[in-house]
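A note on names: the letters A, B, ... follow the listed sequences, proteins ahead of strands, and every chain is numbered from 1.
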Amino acid sequence: QKEVEQDPGPLSVPEGAIVSLNCTYSNSAFQYFMWYRQYSRKGPELLMYTYSSGNKEDGRFTAQVDKSSKYISLFIRDSQPSDSATYLCAMSSSGGYQKVTFGTGTKLQVIP
Amino acid sequence: GAVVSQHPSWVICKSGTSVKIECRSLDFQATTMFWYRQFPKQSLMLMATSNEGSKATYEQGVEKDKFLINHASLTLSTLTVTSAHPEDSSFYICSAAPTSGGKDTQYFGPGTRLTVL
């Protein structure tokens with residue numbers, strides 16, 4: 001079993017839809033949770049960073065962490081074609097500066 | 001701010017040759033840099049953690065004699081793929097963790113696509 005599981009998609013949605021992206025994990029030591037966006041042939045870009053359980057909102061993006069279920073989510077409201085990318089969840093037991101374990105990524109396509 | 005560059009962005013080499021990839025933090029100092037490899041439709045796999053002035057720590061299964069890492073300064077780390085073979089063809093991405101200040105995160109470079117013929 002992988003430490004982090006993420007549906008690879010692809011996920012296609014119409015412009016303006018709410019997108020839900022999810023990851024599950026097995027390592028209970030993970031406390032730091034991140035979402036990265038990666039465009040084709042580019043390096044990942046940090047979108048959201050959360051410590052422990054709870055919600056965090058930043059513009060159209062909301063990250064949720066449920067440590068009891070070992071489940072994290074990223075919601076994108078009013079999705080735009082420019083949101084089309086691969087979204088990677090990532091987790092660490094000791095902070096974003098340290099070793100981070102990535103999910104496989106979900107490819108999202110927002111159709112105009 | 002927090003820009004990480006990689007050079008070259010893509011490289012094609014013959015089997016058996018060595019290739020060096022540079023990773024630079026342009027506007028911050030990074031005590032720690034990380035090297036990842038990403039195969040098509042797969043996630044980033046950490047290869048090694050590089051600390052300035054000390055030997056790199058390699059992940060299980062990564063050959064340290066094949067993937068030489070040097071972190072000679074707080075803004076530069078290099079990865080040398082020695083005696084490259086076609087199975088080494090991949091997308092190599094580095095990241096850098098700021099020495100001080102900034103968010104608790106790594107900043108990623110744009111990646112280097114290596115093709116070994």
Do any of residues 81-96 of chain B come closer than 4.5 Å to chain A, heavy atom to heavy atom, and if so which ones, in number order? B/Phe91, B/Ile93
Show which side-chain atoms of residues 7-15 of chain A pair as donor or acceptor with protein atoms under 3.5 Å away, not counting sequence neighbours.
{"unit_1": "A/Asp7", "atom_1": "OD1", "unit_2": "A/Gly9", "atom_2": "N", "d": "2.9"}

Hydrophobic cluster membership, with links at side-chain heavy-atom distances under 4.5 Å among I/L/V/M/F/W/Y: are A/Phe30 and A/Leu88 in one? no
Identified side chain to side chain contact (heavy atoms under 4.5 Å, CB included) counterpart of A/Lys99 within the set B/Thr49, B/Leu46, B/Thr57: B/Leu46
Could you tell me which residues in residues 103-112 of chain A have at least one non-hydrogen atom under 4.5 Å from a non-hydrogen atom of chain B, sorted by residue number? A/Gly103, A/Thr104
Going from CD on B/Gln38 to OG1 on A/Thr86, what distance comes out if it is rounded to the nearest 0.5 angstrom? 8.0 Å
Please give me the minimum heavy-atom distance between B/Ser43 and A/Phe102, naming the atom from each residue. OG-CB, 3.0 Å
Linking I/L/V/M/F/W/Y whenever their side-chain heavy atoms sit closer than 4.5 Å, directly or via other members, would A/Val4 and A/Met34 fall into one cluster? no
Is B/Lys20 atom NZ crowded by more than 12 heavy atoms from other residues, nucleotides or ligands, each under 6.0 Å away? no
Group every Ile, Leu, Val, Met, Phe, Trp and Tyr by side-chain heavy-atom contacts under 4.5 Å, then state whether B/Val116 and B/Trp35 land in the same group. yes
Show every salt bridge (charged side-chain N to carboxylate O under 4.0 Å, His left out) that has at least one partner inside residues 20-42 of chain A, sequence neighbours left out. A/Arg37-A/Glu45
Let me know if B/Gln6 has heavy atoms under 4.5 Å from chain A in its side chain, its backbone, both or neither. neither
Same cluster or not: are B/Phe34 and A/Leu46 linked, directly or through other Ile, Leu, Val, Met, Phe, Trp or Tyr residues, by side-chain heavy atoms under 4.5 angstrom apart? yes
Between A/Ile72 and A/Met48, is there a shared hydrophobic cluster once you connect ILVMFWY residues whose side-chain heavy atoms come closer than 4.5 Å? yes
Here's a test for you: under side chain to side chain contact (heavy atoms under 4.5 Å, CB included), which of B/Phe108, B/Tyr107, B/Tyr36 qualifies with A/Pro44? B/Phe108
